[in-house]
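Before any comments, here is the structure.
Naming convention: chains lettered A, B, ... in sequence-line order (proteins, then strands); numbering from 1 in each chain.
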2 protein chains.
Amino acid sequence: MQIDERDRMILRLLQRDGRISNAELAEKVNLSASACLRRVRLLEEAGFIDHYTMLLNPARIGKPGNAFVNISITRQTREALETFEKEVQKVPEVVECYLLAGQSDYLVHVVYSDTGDYERIHSEVLTQLPGVERVQTVITLREVKRTTELPV
Amino acid sequence: MQIDERDRMILRLLQRDGRISNAELAEKVNLSASACLRRVRLLEEAGFIDHYTMLLNPARIGKPGNAFVNISITRQTREALETFEKEVQKVPEVVECYLLAGQSDYLVHVVYSDTGDYERIHSEVLTQLPGVERVQTVITLREVKRTTELPV
DNA sequence: CAAAAAGAAGGCGTAAAACGCCAATATAAC
DNA sequence: GTTATATTGGCGTTTTACGCCTTCTTTTTG
């Protein structure tokens, strides 16, 4: 499946407002409601659209802190890495985790309430994950930009 | 305003599916439709809910790459930092940017298509931002976890 | 170049959802 | 125990989503 400029405009508008009504979306992209809805459904089925969500205000719900953590794993079997990754998925405070070069180095993005909360996550969660050798934390002071909108 | 366990359940469900119908949401939290809708509207007005969005599949739209970039700024006036931050906001490939300790160090999350695309962003965008002294890139090899859901 | 085929668009009717209003119930204050 | 306040549930109206059919446009093929 191939998308055109109008599809990209639909994707941009849905990124900005995931609850825009189909009628309004159709008007903005100069289509009838039925034609527009058909395109959206196709974009969903073709996998361009992952899912719809609601974004919380982190500060308002008491999770204003962001830390980026470098985690090194003791050189082990592929199975050990898979176990680590499986466990990381379960940690609700971990919002991102990427494998880095080095074959056993991860970059982990953690959200937390306050320094006490981070200390708990550090000592009771991160260091307890299977195979963890070293945990190096970078605390952020302020959020300058954060978006879920990708350029399309 | 103070939220209770039922509000938190509403927030969790909306994070999972931002387009869930009010009727289904109401059923899942054991409320009538009207009572449920009123709670959602209050959560929106009180700022707990930031906004609704649609998340794209990064690979499907041709942006599978993730890089984390440390950017150091030449020690300058507060104005220079503000200018840098203002310009970073405008870069669509930058999805996150945090100020780190050191007063002039930023951590920047960049999405890109391929290595050629990243080279362009590095040399034509990041290094050209006002006051940039050093740009140190960490390329990720694989996405292990990524979510927008915060624990509530 | 024309006829046939395929794809996309628009219009319409029906079902579902959102929303405003009011009464009933539950909770809190005095 | 009574008044005041907040929260809930029910109902009618308006808006939205969605399936179906026809029309129009684009592409293919002889």
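- The side chain of B/Arg41 contributes an N or O atom lying less than 4.0 Å from OP1 or OP2 of C/dC19.
- Here the P atom of nucleotide C/dA8 and the CZ atom of A/Arg6 are 12 Å apart, to the nearest Å.
- Only A/Ala23, A/Leu37, listed by number, bring a heavy atom of residues 23-38 of chain A to less than 4.0 angstrom from any atom of DNA chain D.
- Dense packing is recorded around CD of B/Gln89, with more than 12 heavy atoms of other residues, nucleotides or ligands lying under 6.0 Å away.
- For the pair A/Asp7 CG and C/dA9 C1', the computed distance is 14 Å after rounding to whole Å.
- Between B/Arg60 and A/Asp50 there is no salt bridge, since no side-chain nitrogen of the basic residue lies less than 4.0 Å from a carboxylate oxygen of the acidic one.
- Between the CE atom of B/Met1 and the P atom of D/dT7 there is a distance of 8 Å, rounded to whole Å.
- Here A/Arg12 pairs with A/Glu5 in a salt bridge; the nearest charged N to carboxylate O distance falls below 4.0 Å.
- Sorted by first and then second residue, the ring pair (Phe, Tyr, Trp, His ring centres under 6.0 Å) pairs involving residues 72-114 of chain B (not counting sequence neighbours) are A/Phe68-B/Tyr98, A/Tyr98-B/His109, A/His109-B/Tyr98, B/Phe68-B/His109, B/Phe84-B/Tyr106, B/Tyr112-B/Tyr118.
- Separating the CG atom of A/Asp17 from the P atom of D/dT16 is a distance of 13 Å, rounded to the nearest angstrom.
- B/Leu14 has its CG atom 11 Å from the P atom of C/dA18, to the nearest Å.
- Rounded to an integer number of Å, the gap from A/Arg39 CZ to C/dG10 C1' is 13 Å.
- We find that CZ of A/Arg19 is positioned 7 Å from P of C/dA18, with the value rounded to whole Å.
- The number of heavy-atom neighbours closer than 6.0 Å to CD of A/Glu133, taken from other residues, nucleotides and ligands shown, is above 12.
- Summarising the geometry, the separation between OH on B/Tyr52 and C1' on C/dA18 is reported as 12 Å, rounded to the nearest angstrom.
- A/Glu44 CD: more than 12 foreign heavy atoms inside a 6.0 Å radius.
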